Amino acid sequence: MTKPMRQLGRPNMRAWRWAILLTVVLAIVLINSGEINHARLGVSATSTLRPSPVVPSKSTPASSPVARVMSKSNPIRIFIPSIKVDSPLMKLGLMKDGSLQVPPKGFPAGWYTGSPTPGELGPSVIAGHIDWKGPGVFYHLDRMVIGDKVMIDRADGTTASFIVTKIASYAKNAFPSQAVYGNLNYSGLRLITCGGNFDTRLHEYVNDLVVFARLV
């Protein structure tokens, strides 16, 4: 007796079940694979991958380096190698009219106590005579040039070293007080003496010579 032929188009249930099982397994594998790949990108499997926004940095804008300053210590001696100045320093105050006191003689030079000590933040002021019955301590101050060095020994045993940045002569009736005594954002030095022609009628020089320097 011959076996009846299977009807065409009738599914093989066992084969169908295996096909469904394989499809499910394959889907699970693909899903798991997708989760791993997404996890490596830092998002979940259900997230929509988007590029990270560009966040501006909060870096500080470029600015000038902060200048070095020294602690307070009274100056005791000044050296200017280029014009062979080596002088102790006395203390100077203000006259009754508010003008800067000057040393009583040609030597020594003096430090104005109302200004910062050399090396501190701001303009330290040292004054001296150009002459006094002969050459004074700053007799050759007008021979200084930009780049010359000035060293100030201080009471705490340290030395403040400055480099000259500017040399200028001003008429006494047009002295730039703000430029000389005004606040600075660095440690500066001002050397002051008389200059220009000598007025025989007034018995004084007509100008003031100022050497500007900054701490190095």
Side-chain angles (χ1 to χ4, degrees), residues 67-70 72-95 98-132 134-155 158-199 204-216:
R68 183 177 69 91
V69 296
M70 303 173 74
K72 181 178 181 178
S73 180
N74 287 353
I76 57 176
R77 199 168 195 89
I78 181 172
F79 299 92
I80 309 177
S82 63
I83 56 173
K84 296 181 172 58
V85 168
D86 180 354
S87 170
L89 290 168
M90 63 176 292
K91 293 180 179 180
L92 303 175
L94 295 177
M95 304 292 285
S99 62
L100 177 65
Q101 180 186 6
V102 295
K105 297 181 179 180
F107 289 86
W111 164 63
Y112 169 45
T113 59
S115 69
T117 63
E120 281 192 288
L121 185 68
S124 185
V125 177
I126 294 177
H129 287 289
I130 186 174
D131 56 21
W132 187 276
V137 62
F138 283 165
Y139 186 71
H140 293 308
L141 200 67
D142 62 347
R143 295 185 182 180
M144 295 191 72
V145 297
I146 293 174
D148 280 353
K149 292 183 178 180
V150 181
M151 281 83 78
I152 310 290
D153 282 350
R154 309 183 339 144
T158 61
T159 297
S161 297
F162 296 83
I163 189 167
V164 174
T165 58
K166 178 182 176 181
I167 302 167
S169 182
Y170 305 100
K172 287 185 180 293
N173 60 2
F175 189 81
S177 296
Q178 182 61 34
V180 175
Y181 302 111
N183 292 334
L184 299 173
N185 61 358
Y186 61 89
S187 177
L189 180 68
R190 309 292 191 246
L191 306 180
I192 305 175
T193 194
C194 293
N197 296 324
F198 186 78
D199 188 325
E204 67 177 18
Y205 288 89
V206 298
N207 288 357
D208 284 318
L209 180 70
V210 183
V211 173
F212 298 79
R214 70 182 299 157
L215 188 70
V216 293

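Treat the numbers as computed from the prediction; the structure is a model and nothing was measured. Side chains included, hydrogens not; waters and symmetry mates left out as well; all remaining heavy atoms used.
Within a 6.0 Å sphere centred on OH of Tyr205, other residues, nucleotides and ligands contribute more than 12 heavy atoms.
Between Thr193 and the choices Val210, Asp142, Leu141, Asp208, the side-chain contact (heavy atoms from CB on, under 4.5 Å) rule is met once, by Leu141. Leu189 pairs with exactly one of Pro123, Pro75, Ser124 by the side-chain contact (heavy atoms from CB on, under 4.5 Å) rule, that one being Ser124.
Taking the side chain as every heavy atom from C-beta outward, Arg190 and Phe212 approach each other to under 4.5 Å. Under the 4.5 Å side-chain criterion, counting only non-hydrogen atoms from C-beta, Tyr186 is not in contact with Leu215. In this structure, the side chains of Lys172 and Cys194 come closer than 4.5 Å at one or more pairs of heavy atoms. With contacts defined as side-chain heavy-atom distances shorter than 4.5 Å, the pair Phe138/Ile126 qualifies. Using a 4.5 Å cut-off on side-chain heavy atoms (C-beta onward), Val211 and Val150 make no contact. At a threshold of 4.5 Å between non-hydrogen side-chain atoms, the residues Asn74 and Lys91 count as touching. Put simply, the side chain of Ile167 reaches to within 4.5 Å of the side chain of Leu209, judged on heavy atoms. Taking the side chain as every heavy atom from C-beta outward, Asp86 and Lys84 never approach each other to under 4.5 Å.
Atom CD1 of Ile83 sits about 9.0 Å away from atom CZ of Arg143, to the nearest 0.5 Å.
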Name every donor-acceptor pair, under 3.5 Å, that has one atom in a side chain of residues 100-109 and the other anywhere in the protein, sequence neighbours excluded.
residue	atom	partner	partner atom	Å
Gln101	OE1	Gly93	N	2.7

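Tyr181 and Phe175 have tilted rings, their planes meeting at an angle from 30° to 60° on a 0 to 90° scale.
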